[in-house]
Every structure is written in C-alpha cells, then in structure tokens.
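Only heavy atoms go into these numbers, but all of them, side chains included; no hydrogens, no water, no symmetry mates.
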Amino acid sequence: MAGSEDDGEWSPWEKEEEPEEREPLIPAVHGTGQIPRQNKFQQADSINSSMESHRSSSPILGRSSPAKNVQYFTALSATMGALAMGTVLGFSSPAGPMLMSNATAGPVHLTKAQNSFFSSSMNLGALAGGPIGGMCLNKLGRRGTMLSSVVPFVGGWLLIAFAQNFSMLMAGRIITGFCAGITSLVVPTYIGEYASADIRGTLGSAFQLMVTIGVVYAYAIGAVVKTWQMLAGLCIIPAVIYFVMVFFTKESPNFLLSKGKVDKASESLQHFRGKDYNIQTELNMLQQSVEDAKRNKASLKDLLKPYILKPLLISLTLMFFQQYSGVNPVLFNLNTIFEDSGSTISDSISSITIGVVQVLATLLATVLMDRAGRKILLIVSASIMALSLTALGEFFYEKMEDKTWAVETIGWLPLASLIIFIAAFSIGYGPIPWLMMGELFPSNVKEAAAGLATMVNWTLSFTITLIFVPLQDAIGDFGAYWLFAGVCVLNLIFCVTVVPETKGKTLEEISAYFGGPVVSSNSNSRHESDA
C-alpha cells in the first residue's frame, strides 16, 4: 500500500501538490454558552434546532435539502468492494464440491475436513484485515485504503486460480479474506461519514445488499463453469470494477478535515451535498467534531469511558448475534446442507434461489431502513430467524426418526426454512450491525472501536464456521440448528431491551445519546452528560 498520513486525497497515479496557505473557510467561533442538560436524544436534538436557525438566517440561500445523486453514485462505487467481498463469501459453496470431487480438474483434491478449513480460513485473513484496515484509514484515507486493497485482492484470486497444492489454495483464500476484512471496515466508515442523515441508513444498508449480490454472482457462475479455477478467475472482475469506480470518487470530508485540509474538505462536502446546498453549518460542526477528536485523541483506556464503552458493547454484541445466528455456516455449506437433506431440487438451483432471496430481502431492507428504523427491523429479523431455524431443525430430527417419511412428506421444508431464514437475516441482522458500527462511535475513537468490532466479527465468523461440521457430528444436524435458534431468542431479548434507535439521527446526536460531548454550531462549548 502506498501513501502517507500527510496525503489528503490519495491517488496512485500522481503526487498531490502541497496545499497553499489560504484564509480558512470556517469563521472563528465565539462564545462560551452551555447547552442545557436534557434527556438522551432530546439533548442532542438541540443541535438540529441550532442548525435550522442558522440556515434560515443565512444570507446564502440554497437548497433546503442535500442532493442525492452524487451520494448514490459514490455509495455504488464504494459498495462494489462489498460485491467483491461477497464473491469471497460465496466461492466455497460451489467450489467445495468441485475440490472434493475425484473428477475435479487440476492437481488439488480436498477431503471433507480440508474443505471445512478452506471454507472458514478466509475469516483468518479478515481477522487481520480489520485492525490493519483501521490503521490504513488514518494513514491513506478512506478512498486510498479502498484503492490500495484491490492489488492483494486480485493477487489472492490468482493464487487460488493457479493453485498447485493445498498451501497455495489456502494462501489465496486467506489473502482474499484479508481484503474482505479491510473492505468490511472501510466501506461502512466511508459511507457513514459522507452520507447525509436523511439517507445514511439506506446508503449504509447498501453494503450488505452488494455483499449478497456478490454471493449470488459466485453461486451463479459456479453453476455454469466446470472448474473452480475458472470460477476464481471470474471473481477477479468485481474487484477490478471496484478500483475503477472508486478512482473517480472523492475523499471523506471528515478525513480531509483531520489532516487540516479545510478547503479540500469544503469542496468534498459541497460535492456530496450538491452545488446549491449551503454546507457552512454542517462544515462548522464537522470541523468542531474533528478538533474535539484531536484534542481528545483516543487510547485503549478511553474505550472504557461510559459513552464509548456502551456503544462498543452494543456493537460487539450485535456482531456476536450476527455470526452465531449460524448464517455463515449455512452460506458456506449450502450445497452440503441440501445434499444431506435429500432434496430432489438441484443443489445449484437451491443455492441460487437462496442467494436471490437474500438480494431481494436486503434490497427491501434498504427501503425500510430509514422508514421503519433499525431497532424494529432487528426485532423482526431475530424473531423470524428463530422460528425458521426451529423448523429446519425439526426436519432433520424427523429425518433421523424416519428418513423416507421426512423426505417424501416434508422434503420441501429445508428450502422453505432457509429461504425464510435468509430473508429474515437480510432485512435486519445482515446490514444493521455494519451500519450501526459506522454510526455509534465518536470521531476520536471510530478507527479503534470499529477496527475492534470488525476483528471480533471475523473471529466469531471463523470459529462458528470451523466448528459447524464438528458441531453437527456431536449433537446432530437438528441439534445444531436448534442451538442457533436458541441464540436468536437471546438475540431478540437483547434487541428489545438494549439496542437504541438511531434512525434519522446525526452522528453527533447519537454520541450525545450515550453521554458524549455535544457540539454546538454557535459556540465552542462542549457538554458531556451522564448516560
């Protein structure tokens, strides 16, 4: 990876000239008034009132709401990385049977145990990608990190495509997982920083939507091509498109402000909000937030502060429930699950059906995210996942009791249960933990906290995927799915009692909800409440 922390908007093709000394665009802020103590979001809502008052009295008249088209295009560009990440997640399902088949083309043949480790090993790479991605966020910027991750992404797929032994196969899998880990951190962070509050939920949930499209891409290509080598080669295409599209985007205004590049930050924010939108109030608040973050540079000890620890624990718990709902073991082993169920439907058709349902349900989530809200979608998601996993476990229990009766009478149940499970996961627990990871943390701890949350997520994904087959052997297929259903019930209780609603709230308001500093656009005062 190239670049340095002094780079503003990083480009692989040219070196940026040193910025000229200019008169700052943001006027000096005076006054020392205090923001009155209020309850939770009410306290932070005073920010909106101040912003509206400032906007209405501003001599510069412009659009009353930010433009959307540029934000949508930028989200599409960034989330092409999520699509590339989805190909990594989906690759092992069609490739696994090819690699284990005696008729497979090429020199590599895997046992069932090797395939299980191959499927889960991408999580080891992602585990390293989280913290390294966190460091790159601050050194290369959000855009620079996305661009730099593409080279190892392509290299990992080439290692898989030309693998001559199990070691090369594993190395390629771990490298592509490493890039997926970086992507899972940088893309939600980038979108969370440039997106306006009114569509941040929709744009943030697009990350998971594109992941699901990537999974379907791998499933569909895998059903058509005859070799895993060809499948790996075709998975390079989304990564290349990702690089090309991100090359034409702009850097996050938050990052540019953190490097003291106020003029470039102003240009970036104006680009995202539209040329007719008055950005001055929002720019003032962003600069104040960044200055606060610099004055209060986070250390590991700072993660124990109540207003940071509370959202951190919520984010980590959401990541736990996302993974221990059993979604990745299901996605990584779809073909094996359908084969074990005795279903008469083609494994490839079943997998593609599941993938398409996931895409459609995630698309629905992007529409509902800023309407229904995060909390209600999490509650609905956890409830339906618990019921569908219970039904799936019941099928395998009945199959154990009477295989012929189960396959002939309720042979439709595995596919139906998995369709419902994936749909429920995709409207809630697929996109929302990643979205809220970009929302919950103050600016001064975002890299550290989000990096930790990402690392924990991939650790959990690795462990649950690796133990899935041994778990099935130990307690039976039905026992494994009922265990996941029980986790979903605990998940439901957590959502109802602990998770806050962040729909329509600015990042400053969310921080204030947990007792963090409240920034006023008309003063330098900071108020830290007890949450």
Side-chain angles (χ1 to χ4, degrees), residues 79-101 104-105 110 115-116 118-123 153 156-157 160-161 169 172-173 176-177 180 183 207-239 241-242 326-341 343-365 388 392 414-426 430-431 461 465 468:
T79 56
M80 280 303 301
L83 194 152
M85 173 182 162
T87 63
V88 179
L89 294 172
F91 177 78
S92 63
S93 184
M98 295 179 189
L99 286 162
M100 290 188 291
S101 171
T104 184
L110 303 186
N115 185 61
S116 177
F118 173 72
S119 296
S120 59
S121 62
M122 61 85 54
N123 296 290
F153 225 141
W157 281 121
I160 295 174
L169 203 63
R173 183 73 170 158
T176 54
T183 301
F207 176 83
Q208 183 66 21
L209 173 63
M210 295 295 277
V211 169
T212 62
I213 293 175
V215 170
V216 173
Y217 177 90
Y219 288 170
I221 297 297
V224 174
V225 301
K226 298 184 181 298
T227 67
W228 50 269
Q229 294 99 325
M230 180 65 72
L231 175 59
L234 291 173
C235 285
I236 295 174
I237 296 174
I241 296 174
Y242 173 44
V327 64
N328 274 348
V330 168
L331 289 177
F332 286 178
N333 297 280
L334 272 179
N335 285 1
T336 304
I337 291 172
F338 286 121
E339 183 179 330
D340 291 344
S341 72
S343 173
T344 57
I345 304 174
S346 163
D347 294 345
S348 297
I349 297 299
S350 298
S351 297
I352 293 172
T353 300
I354 295 293
V356 170
V357 167
Q358 191 176 19
V359 170
L360 295 176
T362 307
L363 182 60
L364 177 62
S388 58
L392 183 61
L415 180 58
S417 298
L418 286 175
I419 286 175
I420 295 171
F421 170 75
I422 291 297
F425 176 84
S426 299
S461 179
T465 305
F468 179 61

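- Side-chain contact between L89 and M122 is present, with heavy atoms from C-beta onward closer than 4.5 Å.
- Summarising the geometry of T87 relative to Y217, their closest heavy-atom pair is CG2-CD2, 3.7 Å, with the distance given to 0.1 Å.
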Side chain to side chain contact (heavy atoms under 4.5 Å, CB included) evaluation trace for I213 with L209: CA-CA 6 Å; I213 293 175; L209 173 63; 4.3 Å; yes
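- Distance check, rounded to the nearest 0.5 Å: OG1 of T353 to CG of L415 gives 6.0 Å.
- By the ring pair (Phe, Tyr, Trp, His ring centres under 6.0 Å) test, F425 is found to be paired with no residue, residues two or more places apart in sequence or in another chain being considered.
- Checked by atom type and distance alone, the side chain of S417 never pairs as donor or acceptor with a backbone atom of P414 at under 3.5 Å.
- Contact detail for A365 and P431: the closest heavy-atom pair is CB-CG, 4.3 Å.
- One distance of note links CG of L169 with CH2 of W228; it measures 5.5 Å at 0.5 Å rounding.
- The two residues I420 and S388 make their nearest non-hydrogen contact at CG2-CB, 3.9 Å.
- A161 approaches Q229 most closely through the heavy-atom pair O-CG, 3.2 Å.
- When all heavy atoms of S426 and T362 are compared, the pair lying nearest together is CB-OG1, 3.1 Å.
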Audit row: V211, L83, side chain to side chain contact (heavy atoms under 4.5 Å, CB included) steps and yes/no: CA-CA 5 Å; V211 169; L83 194 152; over 6 Å; no
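- Inter-residue side-chain proximity for V216 and I354 is flagged as unmet; no heavy-atom pair is nearer than 4.5 Å.
- No side-chain heavy atom of L392 sits under 4.5 Å from any side-chain heavy atom of F421.
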Trace of the side chain to side chain contact (heavy atoms under 4.5 Å, CB included) decision for F91 with L231: CA-CA 8 Å; F91 177 78; L231 175 59; 3.6 Å; yes
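- The closest side-chain heavy-atom distance from Y219 to V356 is not below 4.5 Å.
- In terms of modelled atom types and a separation under 3.5 Å, the side chain of T79 and the main chain of A82 share no donor-acceptor contact.
- From M100, atom CE reaches atom CG of N115 across 4.0 Å, with rounding to the nearest 0.5 Å.
- Atom OG1 of residue T183 and atom CE of residue M80 lie 11.5 Å apart, to the nearest 0.5 angstrom.
- Across M98 and T227, no two heavy atoms sit closer than the pair SD-C, 3.6 Å.
- With hydrogens and angles ignored, the 3.5 Å screen pairs no side-chain donor or acceptor of R173 with any backbone N or O of N123.
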